[in-house]
Amino acid sequence: MQKIEAIIRPDKLSVVKAALEDLAHGGMTLTEVRGHGVQRGVTEQWRGRTFAVEYLTKIKVEMVVKDADVDLVIQRIVEAARTGEVGDGKIFVSNVARAIRIRTGEQDDSAL
Amino acid sequence: MQKIEAIIRPDKLSVVKAALEDLAHGGMTLTEVRGHGVQRGVTEQWRGRTFAVEYLTKIKVEMVVKDADVDLVIQRIVEAARTGEVGDGKIFVSNVARAIRIRTGEQDDSAL
Amino acid sequence: MQKIEAIIRPDKLSVVKAALEDLAHGGMTLTEVRGHGVQRGVTEQWRGRTFAVEYLTKIKVEMVVKDADVDLVIQRIVEAARTGEVGDGKIFVSNVARAIRIRTGEQDDSAL
Amino acid sequence: MKKARSLSLAALIGGGLALLTVGVASAQTPDEIQASLDDLTAALDTMWLIVAATLVLFMQAGFALVEAGFVRSKNVTNILMKNVLDACFGAMVYFAVGFGLAYGAAEAATGFYGSGSFFMSGNTDYATFFFQFVFAATAATIVSGAMAERTKFSAYIVYTVFITGLIYPIVTHWIWDGNGFLTAFRDDPMNGVGVVDFAGSTVVHSVGGWAALVGAIMVGARKGRFVNGQVNAFPGHSLPLGVLGVFILWVGWYGFNAGSTLGMSGGLAEIAARVAVTTTLAAGAGGATAMLLSWIQHGKSDLSLTLNGILGGLVAITAGTATLEPWAAIVAGVVAGFIIVYGVALLDTLKIDDPVGAVPVHLLNGIWGTLAVGLLSSEALMDNAYGVTSTWGILLGGGTDLFVTQLVGIAATAVWVVLASGILFGIIKATIGLRVSEAEEDAGLDVYEHGMEAYPEFTGGRDPFATLSGTGR
Amino acid sequence: MKKARSLSLAALIGGGLALLTVGVASAQTPDEIQASLDDLTAALDTMWLIVAATLVLFMQAGFALVEAGFVRSKNVTNILMKNVLDACFGAMVYFAVGFGLAYGAAEAATGFYGSGSFFMSGNTDYATFFFQFVFAATAATIVSGAMAERTKFSAYIVYTVFITGLIYPIVTHWIWDGNGFLTAFRDDPMNGVGVVDFAGSTVVHSVGGWAALVGAIMVGARKGRFVNGQVNAFPGHSLPLGVLGVFILWVGWYGFNAGSTLGMSGGLAEIAARVAVTTTLAAGAGGATAMLLSWIQHGKSDLSLTLNGILGGLVAITAGTATLEPWAAIVAGVVAGFIIVYGVALLDTLKIDDPVGAVPVHLLNGIWGTLAVGLLSSEALMDNAYGVTSTWGILLGGGTDLFVTQLVGIAATAVWVVLASGILFGIIKATIGLRVSEAEEDAGLDVYEHGMEAYPEFTGGRDPFATLSGTGR
Amino acid sequence: MKKARSLSLAALIGGGLALLTVGVASAQTPDEIQASLDDLTAALDTMWLIVAATLVLFMQAGFALVEAGFVRSKNVTNILMKNVLDACFGAMVYFAVGFGLAYGAAEAATGFYGSGSFFMSGNTDYATFFFQFVFAATAATIVSGAMAERTKFSAYIVYTVFITGLIYPIVTHWIWDGNGFLTAFRDDPMNGVGVVDFAGSTVVHSVGGWAALVGAIMVGARKGRFVNGQVNAFPGHSLPLGVLGVFILWVGWYGFNAGSTLGMSGGLAEIAARVAVTTTLAAGAGGATAMLLSWIQHGKSDLSLTLNGILGGLVAITAGTATLEPWAAIVAGVVAGFIIVYGVALLDTLKIDDPVGAVPVHLLNGIWGTLAVGLLSSEALMDNAYGVTSTWGILLGGGTDLFVTQLVGIAATAVWVVLASGILFGIIKATIGLRVSEAEEDAGLDVYEHGMEAYPEFTGGRDPFATLSGTGR
Ligand SMILES: Nc1ncnc2c1ncn2[C@@H]1O[C@H](COP(=O)(O)OP(=O)(O)O)[C@@H](O)[C@H]1O
Ligand SMILES: Nc1ncnc2c1ncn2[C@@H]1O[C@H](COP(=O)(O)OP(=O)(O)O)[C@@H](O)[C@H]1O
Ligand SMILES: Nc1ncnc2c1ncn2[C@@H]1O[C@H](COP(=O)(O)OP(=O)(O)O)[C@@H](O)[C@H]1O
């Protein structure tokens with residue numbers, strides 16, 4: 001099993017989700033994060049003084065999927081989340097040793 | 001060392017925490033996440049129009065533990081977090097290469 | 001590639017960021033988390049009754065870096081985030097199998 | 001005359017230049033002068049009633065905010081809904097039956113309940129109705145705070161209707177209606193004085209407070225509040241809401257207390273001004289005392305208790321606001337501060353769960369305020385405000401008549417409200433049920449009862465998931 | 001005399017002991033008595049206008065909170081800014097031209113527009129100006145809610161200036177100025193009665209409502225609201241703000257409605273008191289009805305609709321608040337509740353996006369309220385308030401004159417406001433543009449238009465990133 | 001008579017049908033008529049004082065919200081606590097000594113301080129006390145904003161007591177008491193006119209502002225605000241709180257300014273109405289100007305500066321609200337807007353850290369408002385409000401007498417408040433300490449000083465950790 005962590009634009013979440021809907025994936029977990037990369041922040045002001053907000057809100061989508069599904073999921077996410085502008089985000093893939101479904105105690109692939 | 005990531009119901013957090021109290025675990029890190037799995041969301045309404053809230057609030061509990069402790073910790077979490085209803089959550093285990101305690105610079109198992 | 005996850009004090013974030021500025025690192029992702037370790041919480045009160053807030057706010061800094069950069073990044077973070085008091089936090093390092101830049105489709109090291 | 005009035009209206013609206021005095025004809029004969037004087041007097045007194053009632057209505061917002069700020073965010077929509085409906089249903093119910101039970105003066109009326117004026121039939125004293133209604137709404141609103149975070153919404157609707165329509169009006173009749181068996185306004189008041197409750201420490205606050213206590217006991221404590229002999233604190237989710245609510249209540253209290261002169265003419269203005277001062281001093285003393293006590297106890301000053309202390313001081317001065325000298329108002333407020341700090345702790349000991357402190361604020365201080373009249377009222381002011389010279393505060397040498405009468409008022413109110421609300425909550429419990437399910441309590445009443453979160457966005461401050469949460473069905 | 005007044009001022013301020021009566025000389029001759037009576041009458045009526053106008057100005061805060069609470073957090077700074085500027089620019093513009101167009105009585109004035117009193121020149125009736133200004137500010141503020149979350153800030157500034165300075169004052173002149181061609185205050189009113197709109201269901205609320213409708217249509221729906229025939233809900237980010245806003249509006253409405261007597265003397269006090277009661281009952285009925293309907297429809301009671309229902313009830317009673325009996329006020333409120341629930345749904349069906357419900361609340365209920373006068377006004381109260389005995393509510397046997405006149409008033413207002421605001425929004429669209437870019441709409445107007453988030457901290461509740469966000473340039 | 005009054009009370013409360021006029025006996029003799037007139041006059045003026053004072057007290061909520069909204073969430077409980085206690089302690093202290101120092105008229109009183117009326121002894125003018133107290137509370141509350149986010153809570157308690165009890169009352173005595181050496185209400189005022197400060201640009205706002213400036217300097221800037229020559233912005237955590245606060249202040253300002261007529265009879269109503277209009281126009285002009293300036297400077301309109309601009313305009317009109325024509329009020333407001341935008345920047349340059357802008361709003365515009373009287377007061381209105389015909393605004397040809405007197409007033413106030421508050425803060429610093437520790441400042445004052453977070457839940461919007469955070473001890 002692999003964990004796919006995609007850091008995407010908040011407003012792309014619904015598109016990404018739709019793109020993954022038909023896959024038989026078991027679930028996903030979302031976290032609100034703040035990111036900093038090539039993309040720089042916006043300028044805001046407070047009582048006449050401007051300042052840079054250097055971290056922008058992003059959504060981290062985490063999905064643990066079967067090894068066989070990794071490529072397809074990545075491809076779908078890339079297609080759905082891309083705008084071509086800086087700030088589109090990144091995908092990181094790492095190995096997962098075990099998975100357990102708390103409700104049933106099922107393990108690994110059948111737990112996803 | 002292994003990282004145990006458990007995604008649980010928010011109201012099970014105190015039970016899970018109590019179940020782990022007597023273990024000599026070094027610490028844990030919690031994140032509020034939104035999850036989507038077998039469990040579907042609730043229906044809410046706004047000015048007469050209903051809509052589905054498809055992501056439900058969950059807590060992600062992260063603990064990095066010695067290899068020897070992994071099974072026990074998992075077992076405790078599963079017991080504490082289970083209700084038997086959909087939405088109980090999942091546990092993912094992955095390998096951690098190094099650990100450092102910032103305060104002392106201690107490394108790996110002794111840093112946990 | 002390795003993922004460096006550092007859990008630090010919120011007020012150390014700006015120092016850590018400054019310490020990493022000159023490195024050619026590609027980006028970082030931040031999450032607000034609540035942590036529990038050697039450090040115990042603070043006491044608060046509500047209508048005459050005191051209680052312990054057992055989880056304290058921490059920032060999780062995630063950076064995926066080239067293998068060659070790992071040691072330097074860790075060293076910088078440790079130096080910047082240390083106060084010597086309990087609660088300084090921890091750093092965990094784990095392996096990342098793949099990285100993809102969504103905007104361009106670049107892979108692995110060149111995607112960082 | 002009516003034509004003239006409508007013309008004057010036209011003139012006032014239309015001609016930007018028209019002087020405002022055109023409404024008054026050139027009255028010169030003694031009779032015309034008298035008519036003008038009567039008109040001005042009525043106008044002035046009516047205006048005061050309307051302004052004061054508007055301030056009291058604003059207190060609904062204050063209660064809503066205090067209660068919302070003091071509960072957890074998962075139950076905020078629910079507590080807001082209840083406060084909103086207290087006003088909405090309250091208006092209907094008090095119009096239909098409540099006002100008549102309180103002040104109806106038909107033949108059927110006795111010293112125990114009024115009759116007549118239902119649906120305002122045959123009664124055109126709208127200013128009085130408006131002023132009395134806002135008090136009724138206040139009494140009803142007290143209960144929702146004490147029963148917050150676990151009471152069924154349908155149960156709430158039933159009990160609020162009965163409190164506004166039946167339980168509260170009866171006590172009003174007893175103590176404030178000229179026919180009431182306890183009133184100071186009868187020709188032959190009890191012990192020559194009757195119960196002195198100027199603006200309602202007993203009539204409004206204790207009534208709400210007793211019902212709140214009975215309700216809190218019957219619905220039981222919130223899950224997890226008292227566990228294995230340990231008392232867990234459930235901090236309220238927003239102190240700014242709580243503070244704003246208390247300031248709004250404080251401001252509204254000038255309508256509540258000073259407005260209870262019911263007019264400004266005939267020397268009432270002087271009383272109203274003094275009432276404003278005693279109200280201010282008691283509020284300040286209550287807040288300062290609770291703050292200092294909490295500081296001494298825990299080494300840190302507690303804003304939540306300070307807020308309760310201010311409200312406690314206000315409730316405590318409500319009965320005696322016209323008959324206590326300023327120094328006595330400060331005494332009343334200081335004692336109120338103590339009552340808050342120890343009263344909150346006492347409820348915890350008794351395992352009675354009152355999330356917002358309605359019982360210490362409204363019941364305990366309502367009782368204390370009513371007793372304070374019997375203890376501290378000055379001779380001169382009892383005469384000035386009630387025309388009573390035979391008895392005044394026991395501690396100032398005024399004998400026991402007043403104090404004993406106050407005790408009777410407190411006791412009668414306690415018996416009636418405890419019985420009536422006990423039966424009411426008992427019937428509700430046996431039929432539609434009083435309490436939500438455990439699952440609902442865990443998840444919060446907002447989603448289960450109303451399908452609506454108070455802060456539906458992820459962080460309360462910015463919503464990356466907004467595009468999703470709105471997927472329509 | 002002036003010296004005397006200043007001396008009295010000095011005495012009042014300086015001497016804590018000075019009696020408040022020193023301002024009045026010892027008037028004994030009939031003329032002096034008359035002068036005193038006139039002074040008191042003017043003082044009383046002016047005071048009422050000032051107090052009522054202050055309450056109405058407070059409604060600006062109510063609108064700001066309701067609109068802020070009902071939008072998503074990324075657009076909160078923007079909607080707050082608009083509400084703040086409605087009051088700021090409104091004051092300038094109404095002072096310069098609006099008041100003159102509404103009530104100017106110079107030769108050039110006709111039945112269709114006023115002239116004179118621009119910049120208050122030659123007019124010292126400041127109480128009237130103050131009272132009329134706060135109504136103008138209300139009309140302007142209605143529009144921003146319906147066009148929230150996607151309208152350019154510069155476009156907003158242009159349209160708000162024209163609504164306050166031109167569109168609203170013209171209708172005021174027609175219906176409220178003594179010269180207006182539709183007014184009830186002419187010597188020869190249309191159909192012997194003129195349009196009866198006591199406090200502005202049509203003059204204020206429909207005017208704002210029509211402009212809101214035209215604006216909402218012309219700016220288009222928010223991105224993602226209507227997709228593939230599906231209607232997506234965008235829940236407002238904070239219900240406590242919404243509830244507080246509604247309570248503030250409810251409280252302010254007593255200034256709005258009861259204050260529209262424009263005085264207290266000459267029997268007006270009695271009208272004001274009755275107005276307060278009908279206002280209360282309609283608000284309660286509107287809220288209760290909307291709540292029950294939503295409960296029946298979805299099995300869960302909807303707080304957002306309940307809030308709209310209260311406001312709908314208030315708008316619906318605004319025209320007839322002085323001529324409807326209490327029972328009729330309840331009828332008006334109940335119908336208002338239905339209009340809210342079905343009106344909100346209707347707009348969705350028509351794919352008109354009105355984030356806060358300005359159209360159902362202000363336009364639909366403004367029309368309903370104006371019609372309700374023609375249907376339900378009682379004979380006695382038409383006489384009492386307007387001195388009209390020839391016609392009253394059609395359902396009470398008062399013939400068609402009143403009802404038809406009300407229809408004419410509604411239609412005339414519709415034609416003018418739709419045309420004028422259509423042209424206004426058309427020109428804005430063609431020049432500076434009406435709508436922000438898609439990118440700006442996605443990210444929120446707060447950052448793009450104002451560089452300022454409403455809740456700049458990460459979680460809205462605690463900011464670990466605060467030290468960073470403040471890095472100066 | 002007293003019996004009659006109490007009977008009328010009974011009748012009013014008891015009999016729903018009783019007419020409101022029963023309080024007035026059938027006065028027919030000239031003396032009885034005169035008595036009725038005197039009673040009505042006193043009632044009317046007292047009512048105005050009570051209503052106005054209530055509005056001013058509401059400003060405490062406004063200050064609390066603006067200050068809370070403009071600081072970071074980790075210090076919100078602390079700033080709320082301070083605002084709550086300003087009112088609580090203020091009431092005690094002003095009752096005990098402040099009022100006597102300001103208006104006490106005992107033999108010992110001089111032109112420099114009052115004496116007598118301590119604890120209201122021998123003084124029953126409660127309306128005046130109530131009105132004066134709410135002004136005192138306002139002055140005290142200004143300071144907490146400028147010293148927010150780093151001042152010790154115990155230090156705060158000490159300084160607020162001294163400002164309310166000593167520093168503020170002295171200036172009040174000088175300028176508003178009939179004996180004060182600078183007052184316009186003496187028989188022989190300085191330069192034939194005395195300092196003209198109708199509602200307190202100098203007496204209230206500059207006093208608070210000077211103390212705020214001294215305090216902000218002596219406590220030092222917040223950690224991280226000025227680093228290596230760079231100025232870091234610390235955005236306030238909630239703009240909705242800030243906006244609501246400003247609206248509440250704006251509304252309360254009608255009590256503050258118009259209420260300062262201290263009555264309605266004897267032609268004062270006319271002044272009050274004009275005051276309401278100039279107040280409105282200056283507020284609008286201040287807000288609009290600050291908004292436009294910020295837009296020009298940064299390309300984006302800045303809501304935080306707009307809010308400061310409105311408050312600046314209100315402070316600037318406070319002194320001259322009765323003697324400036326409407327156009328001049330707009331001028332005063334426009335200048336106030338400039339002062340806000342450049343004043344805020346100036347403080348940054350001077351490295352003085354004033355989190356909420358108290359110095360530009362209250363001090364700079366307090367000075368400007370006092371000078372504006374000397375520059376722009378019209379001849380007619382100086383006569384109308386003060387009975388002075390010898391001097392008026394310098395720019396309108398009224399000579400230098402008024403302007404010079406205003407300068408003296410400003411200077412005398414500056415010297416006294418800077419000295420007194422400098423000594424006060426110096427002693428506090430040397431004894432209990434003025435500033436919290438660095439660790440406390442980092443973590444926020446809420447947890448360290450009060451053990452209470454303003455938004456204790458994780459996200460401010462929903463609390464998954466709630467079950468934990470409440471584990472009792
Ligand atoms: N090396 C990295 N480690 C962790 N997170 C990263 C890294 N690089 C980028 N990110 C995350 O991805 C987001 C998008 O990165 P950015 O460089 O702006 O994207 P792009 O390359 O598409 O312009 C960042 O905001 C950050 O959250
Ligand atoms: N494959 C997955 N990858 C990441 N998170 C997952 C995955 N499957 C489930 N989750 C997380 O676990 C939570 C519970 O999943 P769910 O399927 O509802 O549990 P159960 O199987 O017990 O009914 C989800 O809300 C989601 O956050
Ligand atoms: N074994 C662990 N697994 C996950 N997170 C941990 C672990 N140990 C510590 N942490 C995180 O690190 C933070 C700091 O830990 P703590 O033990 O207080 O630090 P220190 O050792 O420097 O005193 C904790 O709040 C928690 O978030």
Side-chain angles (χ1 to χ4, degrees), chain A residues 3-14 16-17 25-64 81 83 85-87 89 96 99-105 111-112, chain F residues 66 69-72 145 224-227 230-239 242 290-309 311-312 337-349 353-361 458-462:
Chain A
K3 183 206 267 190
I4 298 173
E5 258 177 296
I7 293 145
I8 61 170
R9 296 178 190 276
D11 48 315
K12 281 294 180 186
L13 176 57
S14 51
V16 167
K17 182 174 168 276
H25 74 93
M28 58 168 70
T29 300
L30 309 175
T31 316
E32 184 181 341
V33 298
R34 284 210 176 178
H36 175 71
V38 175
Q39 185 188 25
R40 294 295 144 175
V42 295
T43 299
E44 300 197 359
Q45 56 184 343
W46 176 250
R47 301 182 65 247
R49 195 145 292 275
T50 58
F51 58 92
V53 174
E54 304 186 19
Y55 297 101
L56 297 171
T57 301
K58 302 275 172 189
I59 300 293
K60 186 205 272 187
V61 180
E62 281 172 291
M63 301 176 65
V64 178
T83 69
E85 305 287 317
V86 288
V96 168
I100 300 105
R101 187 191 301 272
I102 294 175
R103 173 164 49 97
T104 57
L112 298 182
Chain F
V66 171
F70 275 35
V71 303
R72 290 165 295 174
R225 182 92 161 84
F226 303 111
V227 181
Q230 191 179 273
V231 180
N232 293 320
F234 290 174
H237 88 288
S238 171
L239 281 173
M291 190 280 284
L292 291 171
L293 273 180
S294 75
W295 204 353
I296 292 169
Q297 285 188 344
H298 300 300
K300 289 180 180 179
S301 52
D302 181 325
L303 178 55
S304 58
L305 281 178
T306 306
L307 296 177
N308 274 175
L311 299 181
F338 276 87
I339 289 176
I340 288 300
V341 172
Y342 292 101
V344 166
L346 177 69
L347 284 185
D348 280 355
T349 311
D353 187 14
D354 173 7
V356 307
V359 172
V361 168
F458 188 37
T459 61
R462 196 177 311 108

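Protein chains get the first letters and strands the later ones, always in sequence-line order, with residue 1 at the start of each. All values derive from a computational prediction rather than experimental measurement.
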Is F/Asp302 in contact with chain A via its backbone, its side chain, both, or neither, using a 4.5 Å heavy-atom distance? both
Using non-hydrogen atoms and a 4.5 Å limit, figure out which bit of F/Val344 sits close to chain A: side chain, backbone, both or neither. side chain
Is the backbone of F/Asn232 close enough, under 3.5 Å, to the side chain of F/Arg225 for a donor and an acceptor to pair up by distance? yes
Say whether, by atom type as modelled, one donor and one acceptor occur between the side chain of A/Gln45 and the main chain of F/Lys300 under 3.5 angstrom. yes
Which of the residues F/Ala345, F/Ala290, F/Ser294, F/Gly236 is involved in the greatest number of heavy-atom pairs with chain A at under 4.5 angstrom? F/Gly236
Quick one: are F/Phe234 and F/Pro355 in side-chain contact, heavy atoms under 4.5 Å? no
Student check: side-chain heavy atoms of F/Asp348 and F/Leu346 closer than 4.5 Å: no
Pick one of side chain, backbone, both or neither for F/Leu347, based on which atoms fall under 4.5 Å of a heavy atom in chain A. neither
